[in-house]
Amino acid sequence: MTYSYACVDSSVAGSKVNRTIGKAGDFLRDIAVDEKNVTDKVQNEYGEAFHKDAIETGTFKLLDDAAIQSYLDKALKELLDVRTAPSAIDYKIYALNDTTVNAFTFGGRIYITKAMYDRCKNRPALLYAIIGHEIGHSEKGHIKKTIQELMLHNKIFGEENGTAVFQIKKLLTGSFNQKNELEADYYGTDLSYALNQDICAAVVFWKEMAALENRYSQLEDFFRSHPFSSLRAECLESHIKTNFQRSCGK
Ligand SMILES: [Zn+2]
């Protein structure tokens, strides 16, 4: 499997300024890496604490729908089962009663809003791609880095504002760079391919999102954490062509 990020580097998003900012971020992350070893077990503990806090404070409202839950559980299990070299991260998936189109993850907990679920209606392959993407953030070590940043932050600013939900949410929406997002996209595609799902579904989705950008403010949150829709569609399309010899074009 070849993961190429040339599509980002050659674009406006890969401008010199952005690359420099990206490098500064990587440098900070590298300092954090040395601070503590975030094992899969530690990630599970952070995920559990985050979830408990988010529910207790009412930040997240779980969707009470047994049919949706069992569908999500089934998709998650199938995707996890086709991982190569799986981590020991303990995964759980939840549907949130939320009207913004969003999906995110922390410490093995995957959250998908009802609005996002509805967007996947009659498009199971898209749901698989999105869940696979979120699994990728954990399996590829992005969440580990988020936790390391959190630890570094706590070290500098003190523990009292430590693992508050708002802080983690801020990290999650701001800290993944475009390369992380692409890597998660590629990872999700690879899992979907192993399950014989339509791997072009995500390309179609990102093209749709690119067309919608700037038109619907309710999608804003999702774009902040998952930016550059049209570029993403292009990169993913090229990943699919290179690795699976399939063209997603019309
Ligand atoms: Zn993401």
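Just so we're clear, the structure is a prediction, and the values are computed from it rather than from any experiment.
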With a 4.5 Å heavy-atom cut-off, do [X] and [Y] have their side chains touching?
X: Leu195; Y: Tyr128; value: yes
X: Leu182; Y: Tyr186; value: yes
X: Tyr71; Y: Pro124; value: yes
X: Tyr91; Y: Arg109; value: no

Please check if the distance between the ring centroids of [X] and [Y] is under 6.0 Å.
X: His51; Y: Tyr94; value: yes
X: Phe60; Y: Phe50; value: yes
X: Tyr3; Y: His239; value: yes

Is a salt bridge present between [X] and [Y], judged by a nitrogen-to-oxygen distance below 4.0 Å?
X: Glu139; Y: Lys144; answer: no
X: Asp198; Y: Arg246; answer: yes
X: Lys41; Y: Glu45; answer: yes
X: Glu208; Y: Arg123; answer: yes
X: Lys77; Y: Asp73; answer: no
X: Lys52; Y: Glu56; answer: yes

ask   = Under the side chain to side chain donor-acceptor pair (under 3.5 Å) criterion, do Glu181 and His142 qualify, and how do the steps go?
value = CA-CA 9 Å; Glu181 290 304 334; His142 308 161; over 6 Å; no
Does [X] reach the main-chain N or O of [Y] with its side chain, forming a donor-acceptor pair under 3.5 Å?
X: Asn97; Y: Leu63; answer: no
X: Asn44; Y: Asp90; answer: yes
X: Ser87; Y: Ile89; answer: yes
X: Thr189; Y: Asp185; answer: yes
X: Ser192; Y: Ile199; answer: no
X: Thr59; Y: Ile55; answer: no

message = I need the single residue from Glu234, Glu237, Arg232 that forms a side chain to side chain contact (heavy atoms under 4.5 Å, CB included) with Trp206. Which is it?
response = Arg232
request  = For the residue pair Ser4 and Thr2, confirm or rule out a side-chain donor-acceptor distance under 3.5 Å.
outcome  = no
